[in-house]
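Sharing a structure here in structure tokens format.
Note on naming: letters A, B, ... go to the chains in the order of the sequence lines (proteins, then strands), and numbering restarts at 1 for each one.
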Protein chains: 2
Amino acid sequence: MSSKREALINAAKDLLWERGYEAMSPKAVLRASGAGQGSLYHHFEGKRDLAATALEEIGAGLRESFDKRLDPSKPAIKRLEAYLDTPREALKGCRFGRLSHEQAIADPVLNPIVGDLFTHFEKRLTATVREAQKDGDLPTALKAKEIALMLAAIVQGGYVLSRIRQDEAPFTQAIRGAKSALRALSTNST
Amino acid sequence: MSSKREALINAAKDLLWERGYEAMSPKAVLRASGAGQGSLYHHFEGKRDLAATALEEIGAGLRESFDKRLDPSKPAIKRLEAYLDTPREALKGCRFGRLSHEQAIADPVLNPIVGDLFTHFEKRLTATVREAQKDGDLPTALKAKEIALMLAAIVQGGYVLSRIRQDEAPFTQAIRGAKSALRALSTNST
DNA sequence: GTCTATAGCAGGATAGAC
DNA sequence: GTCTATCCTGCTATAGAC
């Protein structure tokens, strides 16, 4: 069977989060997984193929937890808050966002894996903002897509600020700023 | 004299922006600067020292243009908009923000160079938000520091989203969302 | 100050035995 | 399917001539 295959993928998932793509060396993957060179190149074409497989799995997990957070049982404005309130490891960074400044993000194989998930986020957030506007919880003068991208940017930018400062506080505070801004917009739009 | 020294620093500045720290190889710096190995290791202790020098210069430039943008001749709320409206190359990324997910950001020599500038940004933005509140242009219920970090995060996150999507639009739209949100908050706070 | 030559080491992939 | 041994390349730094 392919017990080593799974071990390799899991090790790659960890290392992609900890170090990113370029700094994820096959050697480190082998060490972390307990597999030998042969297993890696038997199951995968190479580093990029392994990373692609690992990223697909990571993406599936991220998408699932995102969709769960935006489950339409609560009012739209609460779902936006829930998105902001998603528990996140500010100092480790976003598993996908951290790849954004690597060369790998322009790779034709790897880019869609990351990009398609963000497109999904953007669409769902935009629809949710629009719904909140219909509910009278956000001003209709705002463009839904712009607010959606703004919220996604706050999360991604929060990671950046926290990593630079080596402190969780900037992330937490940026998120709190976003939530209180939403609330201030909300109370004035009725 | 040290004409090669300047050439090395300038090449490093370019490469740090294009590729980041880890991917900036001394060999590439030499090629781009036209200098030989000897010059590099004569003027600098090594790659890290060269990068530190280059980052200091980059940081000085960023600080100057930031301070110019927030010059207190205009009302505070306009200065916040001017900050958001700073011309930026969305697809190249922030010269400092792009380092946030590299190991180098935790380096005791390099981190302060980047971190101190962001601390400066945060302080100045916070003071500006507070001033806008006093002017009656933003709700006093908001915490100035949180809004300041939120704005900085939107810029940094905009870069991330644009790089992931390989498209300037997400950056532009996130910024537009922030500006219209500020305006919506502004018209309601008087 | 600047150059070329070279060293030591790690990244990424291949070969071939078991 | 999995292993170890090996290869080639490029990164970072040092040595020593000019």
Side-chain angles (χ1 to χ4, degrees), chain A residues 1-55 57 98-99 101-111 113, chain B residues 1-55 57 98-99 101-111 113:
Chain A
M1 313 274 275
S2 50
S3 72
K4 292 293 180 184
R5 192 186 134 93
E6 300 239 338
L8 285 163
I9 294 173
N10 286 328
K13 285 163 78 172
D14 288 347
L15 287 166
L16 282 169
W17 194 6
E18 274 172 36
R19 310 189 191 174
Y21 177 77
E22 258 104 43
M24 178 196 80
S25 75
K27 202 164 282 186
V29 174
L30 296 178
R31 209 178 312 124
S33 66
Q37 289 277 50
S39 296
L40 202 173
Y41 291 94
H42 172 75
H43 292 293
F44 304 96
E45 290 173 21
K47 169 180 171 172
R48 186 173 72 156
D49 183 36
L50 168 61
T53 306
L55 287 173
E57 286 197 10
R98 75 162 303 144
L99 302 177
H101 291 294
E102 301 202 46
Q103 287 298 119
I105 202 63
D107 182 288
V109 170
L110 301 178
N111 179 273
I113 301 173
Chain B
M1 313 273 276
S2 50
S3 73
K4 293 292 182 183
R5 192 187 135 93
E6 300 240 337
L8 285 163
I9 294 172
N10 287 329
K13 286 163 77 172
D14 288 347
L15 288 166
L16 282 170
W17 195 4
E18 275 173 34
R19 310 189 190 172
Y21 177 78
E22 258 105 44
M24 179 196 79
S25 75
K27 197 163 285 184
V29 174
L30 297 178
R31 211 178 310 125
S33 66
Q37 289 278 52
S39 296
L40 203 172
Y41 291 95
H42 173 75
H43 292 293
F44 305 96
E45 290 173 21
K47 168 180 172 173
R48 187 173 71 156
D49 185 36
L50 168 60
T53 306
L55 287 173
E57 287 198 9
R98 75 162 302 142
L99 302 177
H101 291 294
E102 301 202 45
Q103 287 297 119
I105 202 62
D107 182 288
V109 171
L110 302 178
N111 179 275
I113 303 173

Separation of atom CG in Leu30(B) from atom P in dA5(C), rounded to whole Å: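 Going from CG in Leu30(B) over to P in dA5(C) covers 14 Å.
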Under 3.5 Å donor-acceptor, Glu102(A) side chain and Glu22(A) backbone: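 Checking the backbone N and O of Glu22(A) against the side chain of Glu102(A), a donor-acceptor pair under 3.5 Å is found.
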Ser39(A) vs Leu8(A), side chain to side chain contact (heavy atoms under 4.5 Å, CB included): CA-CA, chis, key distance, verdict: CA-CA 8 Å; Ser39(A) 296; Leu8(A) 285 163; 4.1 Å; yes
Atom pair distance, as rounded to whole Å: NZ in Lys47(A) and C1' in dG10(D):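 Value for this atom pair: 14 Å.
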Atom pair distance, as rounded to whole Å: NZ in Lys4(B) and P in dC18(D):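 Lys4(B) atom NZ is separated from dC18(D) atom P by 20 Å.
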Comparing Glu22(A) and Ala35(B) on DNA chain C - which has the more 5′ nearest nucleotide: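 Looking at the nearest nucleotide for each, Ala35(B) comes out on the 5' side.
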Side chain Gln103(A), main chain Arg19(B), donor-acceptor under 3.5 Å: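 Flag not set: sc Gln103(A) to bb Arg19(B) has no pair under 3.5 Å.
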Phosphate OP1/OP2 of dA13(C): any Tyr41(A) side-chain N/O under 4.0 Å: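 Answer is yes, contact under 4.0 Å.
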Sugar-phosphate only, base, or nothing, as touched by Lys27(B) at under 4.0 Å among non-hydrogen atoms: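 Base, at least one base heavy atom under 4.0 Å.
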Atom-to-atom span, CD of Glu6(B) to C1' of dG1(C) - whole angstrom: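 Whole-Å distance recorded here is 15 Å.
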Rounded distance in Å - CG (Leu50(A)) to P (dG11(C)):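 In whole Å, dG11(C) P lies 15 Å from Leu50(A) CG.
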Protein-nucleotide distance (Gln37(B), atom CD; dG1(C), atom P), rounded to Å: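 Rounded to the whole Å, the gap is 19 Å.
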Any Ser25(B) side-chain N or O less than 4.0 Å from OP1/OP2 of dG10(D):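 No, because none of the side-chain N or O atoms of Ser25(B) sits under 4.0 Å from OP1 or OP2 of dG10(D).
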Nearest-Å distance for atom pair CG/P, residues Leu15(B) and dT12(D):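 Rounding to the nearest Å, CG of Leu15(B) and P of dT12(D) are 12 Å apart.
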Position toward the 5' end of DNA chain C (nearest nucleotide), Gly46(A) or His42(B):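 Comparing both residues, the 5'-ward one is His42(B).
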Rounded distance (Å) that lies between atom P of dG1(C) and atom CG of Leu8(B):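 That distance rounds to 13 Å.
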Sidechain-backbone polar pair: Lys47(A) side chain, Tyr21(A) backbone, donor-acceptor under 3.5 Å: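 The answer is yes, because a donor-acceptor pair under 3.5 Å joins these two groups.
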Side chain proximity check, Arg5(B) to Thr53(B), heavy atoms < 4.5 angstrom: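 Yes - at least one pair of side-chain heavy atoms lies under 4.5 Å apart.
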Contact under 4.0 Å: Ser39(A) side-chain N or O vs dC3(D) OP1/OP2: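 So the side chain of Ser39(A) is within the cut-off, an N or O lying under 4.0 Å from OP1 or OP2 of dC3(D).
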Touch class at under 4.0 angstrom, heavy-atom based, for Gly38(A) against every strand present: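 Result for Gly38(A) = base.
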